[in-house]
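Protein chains get the first letters and strands the later ones, always in sequence-line order, with residue 1 at the start of each.
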Number of protein chains: 2
Amino acid sequence: MLTAQRKAHLLARLSRTGRLVAADEARALKLSEDTIRRDLRDLAAEGLLLRVHGGALPLSPTHTPLSTRATLHPALKDRLAARAAAMIRPGQTVILDGGTTHLALVRALPEGLCATIVTHSPVIAAALEPHAGIAVLLIGGRLFRHSMVTTGAVAAEGFARLRADLCFLGVTGLHPDAGLTTGDAEEAAIKRALLAAAGEAIVLATPDKIGTASPHIIGPLALVSTLVIAAEGPDPGLWPCGTSSVPEILRV
Amino acid sequence: MLTAQRKAHLLARLSRTGRLVAADEARALKLSEDTIRRDLRDLAAEGLLLRVHGGALPLSPTHTPLSTRATLHPALKDRLAARAAAMIRPGQTVILDGGTTHLALVRALPEGLCATIVTHSPVIAAALEPHAGIAVLLIGGRLFRHSMVTTGAVAAEGFARLRADLCFLGVTGLHPDAGLTTGDAEEAAIKRALLAAAGEAIVLATPDKIGTASPHIIGPLALVSTLVIAAEGPDPGLWPCGTSSVPEILRV
DNA sequence: CGTTATCATGCAGGATCATGCAACCATGCT
DNA sequence: AGCATGGTTGCATGATCCTGCATGATAACG
């Protein structure tokens with residue numbers, strides 16, 4: 001087996017099992033532990049895994065998905081969230097997608113705001129507890145754990161039965177060709193239901209999402225009426241400006 | 001198990017259960033207490049937890065203030081919760097009402113348990129995030145802020161459409177004459193829907209609820225098959241023992 | 001105040017690691 | 001063909017880390 005091939009094998013195994021024990025891999029591949037150790041050392045130097053005594057662990061701990069995602073760009077998310085919170089007018093019905101940016105939006109809501117918020121995220125709903133003036137409509141369904149939102153036919157039906165003024169949509173990719181994308185097919189379907197239920201759609205996009213695409217397409221960028229991005233992010237001129245149906249872009 | 005992995009495991013467990021007892025972890029991981037103690041000491045040195053006599057506590061801003069949990073001794077609610085968690089068998093479908101006692105139940109669930117949990121509480125649903133083996137069905141509806149559960153026709157319909165093996169019901173009063181009671185009419189109606197959807201109902205009752213009644217009646221005590229109460233609580237002989245349809249009483 | 005549990009420390013055995021060295025192989029050049 | 005070169009592998013060695021046990025110190029509790 002080639003060295004590079006073996007390293008790829010180790011990485012694949014690591015991401016599958018969540019840990020690597022050097023001695024076990026040596027036995028499995030019929031090689032000395034020294035060789036495995038050297039591989040692990042190289043991979044760690046490349047930043048592809050975390051070397052620990054006895055083996056290796058994946059860099060992105062799989063056990064804390066949401067809590068670590070929340071600490072990604074906290075200050076930036078708060079800026080986007082503050083701008084978004086100001087877009088909600090009293091009395092409006094607003095759909096809030098899941099995600100840490102929208103969680104920041106909840107925290108940025110002005111005290112005493114009277115509005116109706118519809119969400120399929122239990123985390124968002126729980127965070128709305130202190131906002132006495134806000135009526136919360138929670139959309140039920142099977143919980144999709146990775147994003148912590150409900151999905152499936154029940155959730156879709158819940159959104160189909162209502163009309164909202166605004167919708168804050170979460171996406172994992174904004175791409176000139178692929179449009180709005182996300183990582184899961186079921187989730188993409190629900191997001192389409194969100195869009196269909198709202199008169200106006202707003203996307204808060206951290207810089208890492210701009211210009212990227214995820215596997216599952218929600219729809220074209222034109223579905224979004226307003227895009228809130230960071231002032232220091234990529235130049236939106238790089239992507240589909242010039243077309244008539246482009247979303248309005250707010251830089252904060 | 002790798003040392004670094006074990007430390008991550010301890011941290012994850014701590015953030016989930018809110019408390020670590022060194023001796024328990026040693027037994028669970030089949031290692032000496034010395035090793036666990038060393039792990040905890042290292043983690044404390046890194047500022048990742050608060051070391052206390054007998055175990056460790058989280059120092060991240062947990063929602064319940066630290067003063068209320070500054071002791072390792074399991075609070076009363078946690079004792080009830082641990083007993084209740086042991087009543088859930090793998091594969092069962094369980095309805096979980098809202099409330100802090102049931103939140104403690106979620107934290108007391110054994111790791112890796114495979115079951116389906118149905119709830120109308122976004123807080124409960126959010127707390128189930130780390131339990132990868134548990135399928136969560138969230139019942140939607142209008143959020144009743146005081147109890148942080150959904151209520152109304154939509155929620156009732158959600159429960160009407162399913163059958164569960166078990167139901168953990170939250171009440172604010174258990175009274176020989178009034179039966180099971182709660183503080184809100186809508187909530188009482190939903191609780192009846194919970195009971196109707198489950199084959200067996202269990203109530204975890206802290207001592208302050210026993211012998212009291214709230215304005216809105218859910219139903220007679222006989223609807224409950226098992227009652228879990230604190231060993232040091234009021235003598236259940238004070239209330240409707242002797243009748244044939246009384247719930248089984250577990251004192252912990 | 002006494003009992004019990006928990007803790008810190010030192011030590012020993014074993015596992016794991018980094019380093020240097022030699023053997024081996026493929027490749028390219030003379 | 002003959003040789004140099006670079007890369008890979010296995011082994012030996014001393015260093016380092018992890019773990020369990022023993023010991024005395026300390027904290028919790030009645």
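- The closest side-chain heavy-atom distance from A:P122 to B:V136 is not below 4.5 Å.
- Counting only residues at least two apart or on different chains, the side chain to side chain donor-acceptor pair (under 3.5 Å) pairs with a member in residues 82-97 of chain B are B:D97-B:H120, B:D97-B:K191.
- For the pair A:R51 and C:dC17, the criterion of a side-chain N or O lying under 4.0 Å from OP1 or OP2 is met.
- The separation between A:L2 atom CG and C:dC25 atom P is 16 Å, rounded to whole Å.
- Between the C1' atom of C:dA5 and the CD1 atom of B:I36 lies a distance of 17 Å, rounded to the nearest Å.
- Atom NE2 in B:H53 sits about 7 Å away from atom P in C:dT6, given to the nearest Å.
- Residues from residues 23-33 of chain B with heavy atoms under 4.0 angstrom of DNA chain D, sorted by number: B:L31, B:S32.
- For the pair B:L174/B:L227, a side-chain contact is recorded, criterion being any heavy-atom separation below 4.5 Å from C-beta on.
- Remark: A:T35 is not in phosphate contact with D:dT8, judged by side-chain N or O atoms under 4.0 Å from OP1 or OP2.
- Between B:E187 and B:F144 there is a side-chain heavy-atom pair separated by less than 4.5 Å.
- Rounding to whole angstrom units, CG of residue A:D39 and C1' of D:dT9 are separated by 11 Å.
- Contact annotation: B:R6 side-chain N/O to D:dT19 OP1/OP2 distance is under 4.0 Å.
- A donor N or O paired with an acceptor N or O is not found under 3.5 Å between the base of D:dG7 and the side-chain atoms of A:R38.
- Contact of the B:Q5 side chain with the B:H9 side chain is not registered, since no non-hydrogen atoms from C-beta on lie closer than 4.5 Å.
- Between the P atom of D:dC17 and the CE atom of B:M1 lies a distance of 22 Å, rounded to the nearest Å.
- Here the side chains of B:D165 and B:E200 are not in contact, with every heavy-atom distance at 4.5 Å or above.
- Protein atom CZ of A:R37 is 17 Å distant from nucleotide atom P of D:dA15, rounded to whole Å.
- Contact check, A:T3 against D:dG7: no side-chain N or O comes under 4.0 Å of OP1 or OP2.
- Taking only distance into account, the side chain of B:D34 never meets the base of C:dC7 through a donor-acceptor pair shorter than 3.5 Å.
- Heavy atoms of A:V21 sit nowhere under 4.0 angstrom from any nucleic acid atom.
- Going from atom CD of A:Q5 over to atom P of D:dT8 covers 14 Å, rounded to whole Å.
- Between A:H102 and A:I124, some side-chain heavy-atom pair lies under the 4.5 Å cut-off.
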